[in-house]
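Here's the structure, in C-alpha cells; my notes come after.
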Amino acid sequence: MTLKIYGIAASRTSRPLWVAQELGLDYQHIAQVYEGGGTRTPEFLALNPNGHIPVIVDDGIVVWESMACALYLADRFRAADGASLAAQNHAERAEILRWTFWAVTECEKEALTFLMHRVAMPEERRKPELAAQADRRLAPVLQVLEQHLQNRDYIAGERFTVADICVASVLAWSQRADAMAACPRLAAWLERCLARPAQLQVRVMARNRVKA
C-alpha cells in the first residue's frame, strides 16, 4: 500500500502534508502544480473533478478538500499507544470538528485576503485597503479563539491534535495582522504550532518544491 499526496507544499496541500509529517507516515508526495492547467488534465480530473489540490489516495480511497484530507489522515493513522492527532473521545471529536469548520467559514476568506494584499502578491498589485478591511473583520473573530485558549495550551484537550493543524494553517496567513497582535494567547499558540519540526519541514518543502 502506498499513500499518495498530490499538490505542492506551497498551497493548501500543506495541511495533509503537515499531518503526514507529524505522524511520520511513509507516503509518496506528488508535487502536482496547479499553474498552466496542471490540475485540468484528464488524469488529474479523474481523481478530483473540481480540478483542485490537494488530493490524497490511500489504498484506493480518494479524498479531496484540504481539511477533509487532514482529518482523514489523522483518523486513519492512529498511533498504537493512543498518542495520535485524532480525537480520543467524543468531546475531543466535537472540538476538532467545530474549530476546523470555524477556521474555514469564519477566518479563511479574510485571512487569505490579508495575506495576498499585505504579503504575497507583488507590491504593485496589492490593494492595502483590502488588507485593512480584512484585518478589521478578523478582529472580533479571532477574539473567539483567544477566549477559548484561556487556561489551555491547545484547541482540543490537553495535547496537540489535528484541530491545531487545521486552524493554524489558516491563521498563519494573518500572523502579521493587527487583529492577531490583539490576541496574545492566540499569537503564542500559533507560534508554538508553527515552530513544530513537522511544520518547519513542510515549509522547507514549500520553498524548495521538493518531493518528500
Side-chain angles (χ1 to χ4, degrees), residues 7-19 21-22 31 33-35 52-54 65-67 69-70 85 95-96 98-156 160-210:
I8 57 172
S11 73
R12 291 177 175 87
T13 308
S14 63
R15 294 163 185 171
L17 287 172
W18 188 353
V19 173
Q21 291 293 125
E22 289 281 355
V33 298
Y34 53 83
E35 301 99 328
H52 300 311
I53 53 175
E65 293 298 326
S66 61
M67 294 302 195
C69 292
L85 296 174
E95 295 280 47
I96 288 170
R98 72 169 178 166
W99 287 106
T100 296
F101 289 116
W102 174 85
V104 174
T105 59
E106 301 292 338
C107 303
E108 189 168 45
K109 178 182 177 182
E110 303 301 344
L112 183 58
T113 298
F114 179 85
L115 175 72
M116 297 305 293
H117 289 281
R118 180 65 62 85
V119 179
M121 290 198 302
E123 193 165 354
E124 65 274 10
R125 293 177 54 197
R126 298 177 194 172
K127 296 181 179 179
E129 66 276 12
L130 294 183
Q133 290 169 9
D135 197 340
R136 288 194 297 271
R137 292 188 185 109
L138 280 169
V141 177
L142 297 189
Q143 284 294 332
V144 174
L145 185 52
E146 172 75 3
Q147 293 304 310
H148 177 73
L149 289 171
Q150 187 172 7
N151 301 320
R152 65 171 68 203
D153 292 329
Y154 299 107
I155 287 179
F160 183 83
T161 69
V162 67
D164 298 287
I165 291 176
C166 291
V167 178
S169 69
V170 173
L171 296 189
W173 297 344
S174 59
Q175 195 171 19
R176 301 185 188 180
D178 291 340
M180 183 67 69
C183 298
R185 285 188 292 269
L186 172 54
W189 161 84
L190 183 59
E191 287 184 7
R192 288 198 305 274
C193 292
L194 298 181
R196 293 178 69 86
Q199 165 57 200
L200 296 176
Q201 181 59 37
V202 173
R203 281 149 65 184
V204 170
M205 294 165 65
R207 287 196 297 269
N208 298 333
R209 289 199 175 187
V210 298

Report task. Let me see the working for R152 and E95 under salt bridge (Lys or Arg N to Asp or Glu O under 4.0 Å), right down to the final yes or no. Result -> CA-CA 13 Å; R152 65 171 68 203; E95 295 280 47; 3.7 Å; yes
Requested in this report: Please report the C-alpha distance between L194 and Q175 in whole Å, then the side-chain angles of each, then the deciding distance to 0.1 Å, and finally whether the side-chain contact (heavy atoms from CB on, under 4.5 Å) criterion is met.
Outcome: CA-CA 11 Å; L194 298 181; Q175 195 171 19; 3.6 Å; yes
Requested in this report: Applying side-chain contact (heavy atoms from CB on, under 4.5 Å), run through W189 and D164 and close with a yes or a no.
Outcome: CA-CA 9 Å; W189 161 84; D164 298 287; 2.8 Å; yes
Requested in this report: Walk me through it: do R98 and E106 pass the test salt bridge (Lys or Arg N to Asp or Glu O under 4.0 Å)?
Outcome: CA-CA 11 Å; R98 72 169 178 166; E106 301 292 338; over 6 Å; no
Query raised in the report: After noting the C-alpha distance and the side-chain angles of V167 and W102, does the key distance pass the side-chain contact (heavy atoms from CB on, under 4.5 Å) rule?
Result: CA-CA 8 Å; V167 178; W102 174 85; 4.1 Å; yes
Report task. Could you please spell out the steps behind the side-chain contact (heavy atoms from CB on, under 4.5 Å) verdict for L142 and L145? Result -> CA-CA 5 Å; L142 297 189; L145 185 52; 6.0 Å; no
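Proximity of a side-chain donor or acceptor of R185 to a complementary backbone N or O of Q147 within less than 3.5 Å is not detected. Judged by distance alone, the side chain of H117 and the main-chain N or O of K127 form a donor-acceptor pair under 3.5 Å. With N208 contributing its side chain and M205 its backbone, the two residues share no donor-acceptor pair below 3.5 Å. Formation of a donor-acceptor pair under 3.5 Å by the D135 side chain with backbone atoms of A179 is found in this model. A donor-acceptor contact shorter than 3.5 Å is absent between the side chain of R203 and the backbone of A10. At distances below 3.5 Å, not a single donor-acceptor pair connects side-chain atoms of Q143 with backbone N or O atoms of C183. With E110 contributing its side chain and R137 its backbone, the two residues share no donor-acceptor pair below 3.5 Å. T13 places no side-chain N or O within donor-acceptor distance of the main-chain N or O of A9, the cut-off being under 3.5 Å.
With sequence neighbours excluded, no residue satisfies salt bridge (Lys or Arg N to Asp or Glu O under 4.0 Å) with R192. The salt bridge (Lys or Arg N to Asp or Glu O under 4.0 Å) search around E35 returns R209, not counting sequence neighbours.
Interatomic distance, H52 NE2 to E65 CD, rounded to the nearest 0.5 Å: 7.5 Å. One finds the CG atom of D153 at 9.5 Å from the CG atom of N151 (value rounded to the nearest 0.5 Å). Separation of atoms CG (L138) and CD (Q133) is listed at 12.0 Å; rounding is to 0.5 Å.
Annotation: side chain of C166 is not in contact with side chain of F101 (no heavy-atom distance under 4.5 Å).
Note on ring orientation: taking the six-membered ring where Trp is involved, the planes of H148 and W99 are tilted (angle from 30° to 60°).
Side-chain atoms of R12 and S66 include no donor-acceptor pair closer than 3.5 Å.
Across all non-hydrogen atoms, the minimal contact from T100 to I96 is OG1-O, 2.7 Å. When all heavy atoms of L186 and L149 are compared, the closest pair comes out as CA-CD1, 3.8 Å. Closest approach of M67 and V104 over heavy atoms only: CG-CG2, 3.7 Å. Across all non-hydrogen atoms, the minimal contact from A111 to W173 is O-CB, 3.6 Å. Of all the heavy atoms in V202 and S14, the pair that sits closest is CG1-CB, 3.8 Å. For L171 against M180, the heavy-atom pair with the smallest separation is O-CE, 3.8 Å.
Ion pairing between a basic and an acidic side chain is recognised when a charged N comes within 4.0 Å of a carboxylate O; R15 and E22 show no such pairing.
With F160 as the aromatic partner, R196 meets the cation-pi criteria of under 6.0 angstrom to the ring centre and within 45 degrees of the ring axis.
No more than 12 heavy-atom neighbours from other residues, nucleotides or ligands sit within 6.0 angstrom of CD on E123.
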